[in-house]
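In what follows, chains carry the letters A, B, and so on, assigned in the order in which the sequence lines appear, proteins first and then strands, with residues in each chain numbered from 1. In what follows, every heavy atom counts, from backbone to side chain, and hydrogens, waters and symmetry copies are set aside.
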Amino acid sequence: MRWSQTYIPTLREKQSDAELISHQLLIRAGYIRKLAAGVYVYLPLMQRVIEKFSNIVREEMNKAGALEITMSVLCPAELWQASGRYETVGKELMRLKDRHDHAMLLCPTHEETVTHLLAGELKSYKQLPLNLYQIQVKFRDEIRPRFGLMRGREFIMKDAYTFDVDEASFNRSYQAMVDAYFAIFKRAGLDVIKVESDTGTMGGKEAHEFMFLVDTEAGEEIILTTKDGSYAANVEKADFRDLAEIKTDSEMKEMRTVDTPGAATIEEVTAFLGVDPTRLVKTLICMADGKPVAALVRGDRDLNEVKLKNALSASELEMASPEQIEECTGAPVGFAGPVGLKDVPIIVDPLVTKLRNFVVGANANEKHIVNVNIDRDFKATRIVDITLARAGDAPPVGDGVMIAKRGIEVGNTFMLGTKYSESLGAKFLDAEGKEHPCIMGSYGIGITRTPQAVLEKYHDRKGIIWPSSIAPYLVELIPLNVQQEAQVQPAEAIYKTLTEAGIEVLYDDRPERAGVKFNDADLIGMPIRITIGDKSLKEGKIELKARCEETVELVPLKEILAKVRKMAERLK
RNA sequence: CGGGGUGUGGCGCAGUCAGGCAGCGCGCUUGCUUUGGGAGCAAGAUGUCGGAGGUUCAAAUCCUCUCACCCCGACCA
């Protein structure tokens, strides 16, 4: 492709509203333009990256036995009402009405569509297993879109769905997808780790996320993992063993109320009473589907809202407002406690049950209660793990402690069970003629997010450095001065030779000065650069340079094809 | 949803407090020169100052409403 014939609007100055280096580079290098918050136009270079990555995904999916289809972006609301997600997904769902006032939505994912499709088609176990996938645009009305393609309201995703007759068959299907995922990300230049994750509104029993680990704020997810990687989980999912040494009293002491003027936070109360935070118990008032719940965690620990939400089977969970807290406890924020709390379920973390003579709020302004004991002084409605794991905790099994890392979620896999096949009727007859719902799985890869994640790693001060597997073009060809026939002639010859050999070349035929061309080349980041200039041309040679290396190789014109192939092989 | 901020030519911004010819840099067009790391000179083009309403002799500027975008928050009592 000749530069003069395509559209690559590079910018000299950076865009102030792009925070991540990867986002910045996509804009400056002329890959994307923003249309609205979280909505982007993909320009020619980005389009090629998307196609390259999509093709890698296709190859690996097809190899794993998946079948590509295309489902509609639009979906009638009824299907989502049938699965229950029309309500549970809430405001993230892009809803609309057609001219007949019929409720529709723009799909954020396609479990309902694909399950409904098969519900009308599936008859026999002989048709299974089945794995259907598509690469298509998705919509999520994100609360706050940011970071360019990382968190958009419209984005492209590969989503696959498996249907199996039993657990054993399902496990094979799931493992095939996991294997394919590792292969896909590796080919795109990313080392990823698989971590346990919460299933969220997707439902089902287990889920995994594929994380690309980064040190920057691009890593929106926190991962806890052992050093050897034997355990790895998203922090909101992570199980743990608490290693804190707790000094407990042998005898229960008499409970009494004490004044704690001006001490509302854990820090203030521990300082005031002169006790360790582990001797305090936090009482957090939450609203679960509109109803108040008291959650008790040890003073030095934090609540894991996802765990609490799951324990309560709630579809919406949020911290109560100060007004709601006052209404519920009769005291301002900071003095809630379980003793004497009426008509509010009390969910207690197991770490709290090990404590004796602890401190809680007294449900009265500036008062706390000391020497409180569970069962004697209040009853737990339920005892369940609701504590957020943290670095320094032990993994649920195995030695050592967990460390925290940041990651970008580039893929996920869900074990859906029969949630959708039952509610939407995807059932089959077994060999005995008995009807069963399919065991399902769903599998996503961010097609637009992943290349941006790649850029978080593959760049330098001057611009992008694409891995050749997903680069828009393998080679950028630069005659430094197109006024000189002596440069244009070999440039045209090389362009022809390489193109005919099936090598993708971006030929910078613009009448720009050398500096402009070099800077643009470094910015847009093609893996191999061929430079034609007077200096080396005098010796009958042209210059070959890898974007990721400093050294320049001088090669005779005739050998260029062989040398480019050799370098391409080396860069793989 | 709450708080803060920003909307001025393609991009980046000044001008707003204190009303009085709509500016600067980059980019763009044309010509000449230049040509190995974002060239020089010259001549140009490009704006409903986010939108609507109001105050005023006069509004980018003051007032009211509104829209869009950005940042922070919406767990850690």
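For the pair R298(A) and F358(A), the NZ or CZ position fails the cation-pi test of under 6.0 Å to the six-membered ring centre and within 45 degrees of the ring normal. Under a cutoff of 6.0 Å and an axis angle of 45°, R390(A) and F240(A) do not form a cation-pi pair.
In the set G38(B), C70(B), A77(B), the nucleotide with an atom closest to the side chain of K34(A) is C70(B). The side chain of R28(A) sits closest to G38(B) out of A74(B), C75(B), G38(B). Listed nucleotides C69(B), G37(B), A39(B) differ in distance to R529(A); the shortest reach to its side chain belongs to G37(B). Comparing G36(B), C71(B), G38(B) by their closest approach to the side chain of F518(A) singles out G36(B). Comparing G37(B), C69(B), G38(B) against the side chain of D520(A) picks out G38(B) as the nearest. Each of C69(B), A74(B), A77(B) was ranked by its minimum atom distance to the side chain of L284(A); first place goes to A77(B). Ranking G38(B), C72(B), C70(B) by closeness to the R146(A) side chain, first place goes to C72(B). Checking A74(B), C69(B), G36(B) against every side-chain atom of S536(A), the shortest atom distance belongs to G36(B). Residue R144(A) places its side chain closer to C72(B) than to any other of C72(B), A77(B), C70(B). Here G36(B) is the nucleotide among C76(B), G36(B), C69(B) with the atom lying nearest to any side-chain atom of T531(A).
Look at the C1' atom in both C17(B) and G2(B): the space between them is 28 Å, to the nearest Å. Distance check on atom P: C72(B) versus G36(B) gives 45 Å, rounded to whole Å. Of the P atoms belonging to C76(B) and C70(B), the separation is 25 Å, rounded to the nearest Å. Using P as the reference atom, A45(B) and U64(B) are 39 Å apart when rounded to the nearest Å. Rounded to whole Å, the separation between the C1' atoms of C69(B) and U33(B) comes to 44 Å. Spacing between C65(B) and U55(B) at atom C1', rounded to whole Å, works out to 15 Å. Comparing the C1' positions of G23(B) and U8(B) gives a spacing of 10 Å, expressed to the nearest Å. Taking atom P in both C71(B) and C13(B), the straight-line distance is 14 Å, to the nearest Å.
For the residue pair N234(A)/D198(A), the side-chain donor-acceptor check at 3.5 Å is not satisfied. Judged by distance alone, the side chains of D534(A) and Q487(A) do bring a donor and an acceptor atom under 3.5 Å apart. The closest side-chain donor-acceptor pair between D300(A) and T278(A), if any, does not fall under 3.5 angstrom.
Taking 3.5 Å as the limit, the base of G38(B) and the side chain of R510(A) contain no donor-acceptor pair of atoms between them.
Look at K462(A) and you won't find any side-chain N or O under 4.0 angstrom from OP1 or OP2 of G37(B). When the side-chain nitrogen and oxygen atoms of R12(A) are compared with OP1 and OP2 of G25(B), none of them lie within a distance under 4.0 Å.
Atom C1' of nucleotide G2(B) and atom NZ of K91(A) are separated by 13 Å, given to the nearest angstrom. Atom C1' of nucleotide A77(B) and atom CZ of R301(A) are separated by 18 Å, given to the nearest angstrom. What separates CZ of F147(A) from P of C69(B) is a distance of 18 Å, to the nearest Å.
Taking for each of P145(A) and E318(A) the nucleotide of RNA chain B with the nearest heavy atom, the 5'-most of the two is the partner of P145(A). Comparing L523(A) and G334(A), the nucleotide of RNA chain B nearest to each residue sits closer to the 5' end for L523(A).
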Set out, line by line, the N/O atom pairs under 3.5 Å between protein and nucleotides 33-35 of chain B.
residue : atom : partner : partner atom : Å
U34(B)  : O2   : R513(A) : NH1          : 2.7
U35(B)  : O2'  : N481(A) : ND2          : 2.9

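Nucleic acid contact for E543(A): base, since at least one base atom lies under 4.0 Å from a heavy atom of the residue. Nucleic acid contact class of K517(A) (heavy atoms, under 4.0 Å, all strands): none. Residue-level contact check: I143(A) touches the bases, meaning some heavy atom is under 4.0 Å from a base atom.
Searching all strands for a Watson-Crick or G-U wobble partner of G19(B) with both distances below 3.5 Å returns nothing. G2(B) and C72(B) make up a base pair, with Watson-Crick or G-U wobble contacts both under 3.5 Å. With a 3.5 Å ceiling on both atom-pair distances, the Watson-Crick or G-U wobble partner of C32(B) is G40(B). In this structure, G9(B) forms no base pair with any nucleotide, since neither Watson-Crick nor G-U wobble geometry is met with both distances under 3.5 Å. Under the Watson-Crick or G-U wobble criterion, with both distances below 3.5 Å, C49(B) is left unpaired in every strand shown.
With sequence neighbours left out, the salt bridge (charged side-chain N to carboxylate O under 4.0 Å, His left out) criterion links K517(A) to no other residue. Under the side-chain contact (heavy atoms from CB on, under 4.5 Å) criterion, I21(A) pairs with L25(A), E456(A), H459(A), not counting sequence neighbours.
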- Message: Between Q452(A) and S22(A), does the side chain to side chain donor-acceptor pair (under 3.5 Å) criterion hold? Intermediate values first, please.
- Response: CA-CA 6 Å; Q452(A) 191 182 330; S22(A) 56; 2.9 Å; yes
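Surrounding CD of E327(A) are at most 12 heavy atoms belonging to other residues, nucleotides or ligands under 6.0 Å away.
Each of D302(A), D349(A), D385(A) was scored for a salt bridge (charged side-chain N to carboxylate O under 4.0 Å, His left out) with K307(A), with one residue passing: D385(A).
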